[in-house]
Amino acid sequence: FTLADLFIEWSGLVNRAGKEWVPTFRLGQIKEPMTLDWMNGAKWTMFAERAMFTETLVPNRTPGIRAHGTGLDRRLTYQVGLYSVNENLDQFAVGQGEAITGRITGLLWAPKRHQRRLLHVGASSTWRQNVSSVRFQAHPESWSGPDIVDTGDYDADAYRSHAYEVFFQYDRFAAISEGAWTQVTLPGNDGAIDYRGWYAALSYYLIGKGINFNRTLAVFGRVRPERTVICPKTGFGDLELTARYSTMNLDDGPFPGGAARNLTVGLNWFPRDNMRVTFNYMFTAVKNAYGVTDADGTMNSFVLRLQYDL
């Protein structure tokens with residue numbers, strides 16, 4: 001049993017003021033706001049699993065308090081929070097420290113008459129202090145696969161991560177690119193270590209209107225097929241074709257963890273708005289796995305995910 005999100009939310013200020021920029025507050029075990037890939041619900045990601053850099057460099061769910069809201073007629077969103085760095089709850093760090101994480105996004109182009117035509121950009125950062133050790137590792141974008149890059153545990157004082165996101169949609173077609181840079185501060189005067197990762201992905205709906213982008217939260221929303229399998233004579237559901245190229249580089253400093261590249265092609269079928277079938281094929285190339293020189297190799301993976309929510 002794993003506890004994911006457990007929180008209370010208060011939007012009293014929004015209800016009273018009824019204006020933009022007024023925040024909603026969330027307290028509990030919550031997501032730290034960083035990148036579109038991470039903030040998207042697992043039900044509505046473009047692929048069976050998130051990109052390697054998201055798993056490796058982006059914080060997970062931790063205890064904290066977060067404020068979020070919108071401005072400029074929902075063309076801008078902001079999210080910022082304070083979190084506890086606890087060795088039992090932080091996937092990267094060991095220690096009893098604190099973190100501040102924030103994300104800001106904007107719609108540079110978004111015609112009101114066309115909800116599925118937009119250009120979205122965003123930036124996010126996290127600063128984590130008073131940690132005693134860290135470890136960064138990643139799967140080949142498949143939870144059933146082994147860790148392919150791994151720095152192992154090593155002593156650190158603090159680290160920070162900065163990320164960008166760009167999402168473009170024109171009706172059925174969509175393109176997205178995100179990346180992150182992490183710098184780990186070593187104890188004393190031993191300097192710092194840099195890690196980097198990024199991905200680019202494409203989506204095209206063979207059947208259906210396209211990705212449903214939630215402008216209030218700046219995330220993907222539920223796919224709602226106009227014609228579902230409930231009516232076999234008139235519908236088949238929505239069908240989405242996807243492709244992604246991603247990289248993760250942990251080869252830096254005295255504790256290298258290797259580097260990896262991943263190419264994924266996939267197909268998503270949405271028979272109904274609460275059902276999804278995902279198929280992904282992935283080709284993964286690894287260099288200096290676990291930081292071992294010339295420990296290179298390749299991997300082919302097939303992933304099938306069946307999803308149903310009540």
Side-chain angles (χ1 to χ4, degrees), residues 30-40 42 45 47 49-62 64 79-81 83 85-87 89-95 97-105 122-129 131 133-143 145 147-154 156-167 176-186 192-201 244-253 255-262 264 284 286-291:
I30 52 180
K31 280 185 174 183
E32 296 192 35
M34 196 168 179
T35 76
L36 177 59
D37 194 28
W38 170 236
M39 295 307 291
N40 281 334
T45 56
F47 301 88
E49 303 293 347
R50 294 182 171 92
M52 282 188 293
F53 96 83
T54 306
E55 175 193 349
T56 310
L57 303 181
V58 175
N60 204 297
R61 294 173 171 88
T62 45
Q79 301 165 317
V80 62
Y83 302 89
V85 180
N86 185 293
E87 58 187 286
L89 298 172
D90 193 297
Q91 83 272 35
F92 303 136
V94 173
E98 56 281 333
I100 179 171
T101 305
R103 175 182 181 233
I104 185 169
T105 73
S124 50
S125 295
T126 184
W127 291 268
R128 313 177 91 74
Q129 303 293 329
V131 301
S133 68
V134 294
R135 180 180 185 177
F136 299 90
Q137 58 193 134
H139 299 281
E141 297 176 352
S142 167
W143 281 106
D147 290 334
I148 53 175
V149 290
D150 189 346
T151 64
D153 294 303
Y154 63 89
D157 283 343
Y159 73 88
R160 55 182 177 171
S161 295
H162 308 290
Y164 76 88
E165 57 189 80
V166 180
F167 173 67
I176 182 172
S177 178
E178 297 188 275
W181 163 66
T182 294
Q183 185 177 71
V184 181
T185 303
L186 299 177
I193 301 175
D194 293 332
Y195 302 130
R196 290 177 172 83
W198 66 276
Y199 79 90
R244 176 174 65 191
Y245 176 79
S246 66
T247 70
M248 185 67 249
N249 191 339
L250 299 179
D251 259 347
D252 187 55
F255 310 103
R261 294 176 289 115
N262 201 84
T264 303
T284 307
V286 184
K287 181 179 180 181
N288 301 337
Y290 302 96

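The shortest side-chain heavy-atom distance between T101 and P33 falls under the 4.5 Å cut-off. When side chains are defined from C-beta on, R128 counts as touching E32, because their heavy atoms get closer than 4.5 Å. The side-chain heavy atoms of H139 and E49, taken from C-beta on, include no pair separated by under 4.5 Å.
Residues satisfying the salt bridge (charged side-chain N to carboxylate O under 4.0 Å, His left out) criterion with E165, sequence neighbours excluded, are R103. Every side chain to side chain contact (heavy atoms under 4.5 Å, CB included) that R196 has, sequence neighbours left out, goes to W181, D194. Under the rule for a salt bridge (charged side-chain N to carboxylate O under 4.0 Å, His left out), the partners of R244 that lie at least two apart in sequence or sit in another chain are E141. Every residue two or more places apart in sequence or in another chain that forms a side chain to side chain contact (heavy atoms under 4.5 Å, CB included) with K287 is listed here: D296. Legend: residues meeting salt bridge (charged side-chain N to carboxylate O under 4.0 Å, His left out) with D251, ordered by chain and number and at least two apart, are absent. Applying the side-chain hydrogen bond (donor to acceptor under 3.5 Å, both in side chains) rule to Y83 yields no partners; only residues at least two apart in sequence or on another chain are considered. Listed by chain and residue number, Y195 satisfy the side-chain hydrogen bond (donor to acceptor under 3.5 Å, both in side chains) test with Y154 (two or more places apart in sequence, or in another chain). Y245 pairs by the ring pair (Phe, Tyr, Trp, His ring centres under 6.0 Å) definition with W198, not counting sequence neighbours. Scored by the side-chain hydrogen bond (donor to acceptor under 3.5 Å, both in side chains) test, T185 finds no partners at all (sequence neighbours excluded). In this structure, the side chain to side chain contact (heavy atoms under 4.5 Å, CB included) partners of A163, at least two apart in sequence or on a different chain, are M34, T35, S124, A180. Partners of A42 under the side chain to side chain contact (heavy atoms under 4.5 Å, CB included) rule, at least two apart in sequence or in another chain, are R50, R305. The side-chain hydrogen bond (donor to acceptor under 3.5 Å, both in side chains) search around N40 returns none, not counting sequence neighbours.
Although no hydrogens or angles enter the test, the distance criterion places a donor-acceptor pair under 3.5 Å between the side chain of E178 and the main chain of L36. Judged by distance alone, the side chain of N262 and the main-chain N or O of M52 form no donor-acceptor pair under 3.5 Å.
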Query raised in the report: Could you go step by step and tell me if R61 and W38 meet the side chain to side chain contact (heavy atoms under 4.5 Å, CB included) rule?
Result: CA-CA 10 Å; R61 294 173 171 88; W38 170 236; 3.6 Å; yes
Query raised in the report: Please walk me through it: do E98 and W127 pass side chain to side chain contact (heavy atoms under 4.5 Å, CB included)?
Result: CA-CA 8 Å; E98 56 281 333; W127 291 268; over 6 Å; no
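Residues S246 and Y199 share a closest heavy-atom pair of CB-CB, 3.4 Å. What you find for F136 and L250 is that their closest heavy atoms are O-CD1, 3.6 Å. Nearest approach of T56 to M248, heavy atoms of both residues: CB-SD, 3.7 Å. The nearest pair of heavy atoms linking T264 to F47 is CG2-CD2, 3.8 Å. When all heavy atoms of D37 and A51 are compared, the pair lying nearest together is OD2-N, 3.0 Å. Contact detail for S161 and T182: the closest heavy-atom pair is OG-OG1, 2.5 Å.
Separation of atoms NZ (K31) and OG1 (T62) is listed at 12.0 Å; rounding is to 0.5 Å.
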